Each structure stands twice: as structure tokens, then as C-alpha cells.
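Start at 1 with the first residue, then count along the sequence. A quick note: this is a predicted structure, and the numbers were derived from the prediction, not measured.
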Amino acid sequence: MSVTRAEEETPVSLREDANDISGELVRLRHALHREPELGLDLPRTQEKVLAALSGLPLTVSTGKGLSSVTAVLRGARPGPTVLLRGDMDALPVTERSGASVVSELPGRMHACGHDLHTTMLAGAAHLLAARRDRLAGNVVFMFQPGEEGSGGAKIMIDEGVLDAAGARPVAAYALHVISSVLPQGVFVSRGGPIMAAADRLLVTVRGAGGHGSTPHRASDPIPAACEMVTALQTMVTRAFDVFDPVVVTVGSFHAGTTDNVIPDEARFEATVRSFSTATHTRIQERILTLLHGIAAAHGLTVDARYDISYPVTVNDASEADFVGATVREVFDEHRYIRAPQPFTGAEDFAFVCDEVPSAFVAMGACPTGVDPAVAAYNHSSEASFDDAVLADGAALYAELAVRRLAREPVTA
């Protein structure tokens, strides 16, 4: 793909140029969608990204501990740095979307739209490279593996992505498509918490097995484990402010082999979501104290492991306002909505937000003609995303970089 427009910069020119390369964007997205890869090792995806960036005036490097791509565009004049992030990994899901282009790899699917993010970011690199002579500063393009639970953003930070241009970014932005809920093309963000912290709880209650007819001769772990599940829900309502919520969902529970055998142990796993740093700090201790107390009351033991995964994704208020103003000016007033509350999903862009003033933005990508209220949500095997949003997503990435660099004073 290439951008050759030579007009003076206007708020609409990036959109026009993005529309001009929309065919190339669609082809890249389809290539990525056909060959989804999981986790931190994405060799085919990395190869496609490198090919898409080939020929641009970028300094490109790849990761050591993951298949990341970091590209730096240096403007013609000195200035600050802005970072743009696009995640690249897929999910272990067998696709049933019925879309015209589907995954060719069984058990793998871009069910969260990361193929769109990667494509939009590559498109933004082309749009901005064509304007290099008008940029005062640098843009870092962060193509990141391992968002779906592997913490790829943290690894890229440890490998130096925030210092790739020689100076820390003054701002960072990430865009994420949603297959339902939002109308197509509508952008949503907010200052403050935008995505939840997500932790994982793994619990094994240990007792002593026996015959189902004589439970008094055994130490049954199942009732204690069941009590723990319900007590976790009560704890949420009694230990935490309703206006600073906690969500605990037990998604896996396993015990026993048949009806008349009391097992030696019962196991369950849960996801724990919270929306403030203070609550995220407190929740682990409260949960572990509760579980050990219930086990002791039943004369049992419990192994409880609490894995902290992703912190709260907190948007910088000023950067979120800047995103809203940019969307309204570039697209239209009706294309931006300020989210009344955070989303309950989690994001490892949170690690970037902890280091740099940042804004995470959602974008509706529901297929044309489908009611967002009933469309399949992200991570569903039936989730489908419309290619029609690719050009506007690439244009927004580029607009944010151009406008943010222009806003920042240049120091000698």
C-alpha cells in the first residue's frame, strides 16, 4: 500500500488518504484473519507486518522474547514522541462466524478483532510516513503479541519499546474494535478507569474421601467448596463499596467421579475483576482470608493461588478528552460517546497506561445490517467484524499522532 497525496494538511485529508488505501487494508486484514496465531509466538503474523511496513522510512526492530514488531518514524523536525499500540494475537476458538473470510487453522480465530488493530496500525504507518516532512517529533508503532493473557505489553516494555525513539512518549493510544453493543464506526472512551483489573483464582479444597452413604466417616470437600463459591459473592457485597465494584465469577468447578463416592478434593477457578487500584490491592487478601477461614471451619485444608494478571486500565483524563475532541472534529459529533462507566474486560495496555499518559479507545465494528444489541460479542466463535471500519481506524490512529505532536511544545 502507498500514499501519494500531496495536499497541505487538513483535518479531512488523512481520512481521504485512508480511504484511498482501504483495498490494501482489507487484503492485509483478510490475510491475518486466515492465519491466526496464539500467545507470544506469532511468526506468520510478524512476517506479514514486516512485509506491510517494507519500504517505509521506519527504524524497525523485532522482539527477543516474543514476536513483536517495533517501528519508529522520525519526523523531519525534532520534537516529542507519541506511541500507537496494536495487538496481534488471536484466541483458541473454532470460528463459526459465517463470514466470507474465516480462519484456516482449526481451533484458532481472531475472535477479538486484533487482526483489525494490526491492519489499522500498519495503515497509520503508511499515512504518517507520507507526512514525515511535516512531522515535528517521532511516532512509535507498537505491534504487540500476547494481549490475551500473556502480558505481551509488559514484555515489550521490559524490552524497551517505550524508549525505542530515544525519549519516552508524551502520550500513547490504543484502539480496540467491538463486534456488538456499539453501532458501527462509533468511538467510545472516558477519562479514568476504562477497563477492569483481571486476576485469576485457583482453589483446591482437600479432605478425605469415603463412601457416600457414610459422610461422617469422611471429610467431604464438596460442601466446603460450594460454600466458598457463595461466600465469595457475599463478600463482594459486604466488603466493597457498591460504587467501586468487584466481580467474582467462578467459571470452572470440578469434584468427584460418581454419585456414591466422596472425593478427596474439589477444585474451582474464578476470574476476579476490579476497577480501582485501591480495591485491586485489597481484594487478594480478603479472598484468601475468607477461603482459609471456611476450610478451617470444616476441618479441611485449602490451597488457594491468587494470580495477579492485568491492572486497571486507567485513561489519562486529558488524553481521553483529546481523543473525544479529535473524533468529533475529524469524523462527526455523533461518532463519539463518553462511556458512563468502564468496560468489564481487561487489557494489558494497562501496563503502558501506568508508564505514559494514555487513552484506550473502543470502536464499534458490528457488521452492516446487524443489530448491535443482538450481535455476537468479542471472544464468541460467532463474532464478526466489518472491514468497513478499517480506514477510519487507521485515520484515527494517524490523526491522534499528528495532532498530539503538533500540540506539544518543542524544546531545544
Are the side chain of [X] and the backbone of [Y] linked by a donor-acceptor contact shorter than 3.5 Å?
X: T313; Y: I194; result: no
X: E37; Y: T45; result: yes
X: R34; Y: V101; result: no
X: D89; Y: E148; result: yes

Ring geometry between H117 and H176 (parallel below 30°, tilted from 30 to 60°, perpendicular above 60°): perpendicular
Residues E147, R85: salt bridge by 4.0 Å N-O rule: no
Salt-bridge present (R328, E333; N to O < 4.0 Å): yes
Please check if any side-chain donor atom of [X] sits under 3.5 Å from a side-chain acceptor atom of [Y], or the reverse.
X: D17; Y: H126; value: no
X: S179; Y: N378; value: yes
X: R206; Y: T204; value: no

May I ask you to test the [X]-[Y] pair for a side-chain heavy-atom distance under 4.5 Å?
X: S103; Y: H110; result: no
X: M195; Y: F349; result: no
X: L25; Y: R29; result: no
X: V250; Y: M228; result: no
X: V170; Y: V82; result: yes

Neighbour count above 12 (heavy atom, 6.0 Å) for E227 CD: yes
CD/Q233: more than 12 non-hydrogen atoms of other groups inside 6.0 Å: yes
Heavy-atom pair of closest approach, residues P169 and V356: O-CG1, 3.5 Å
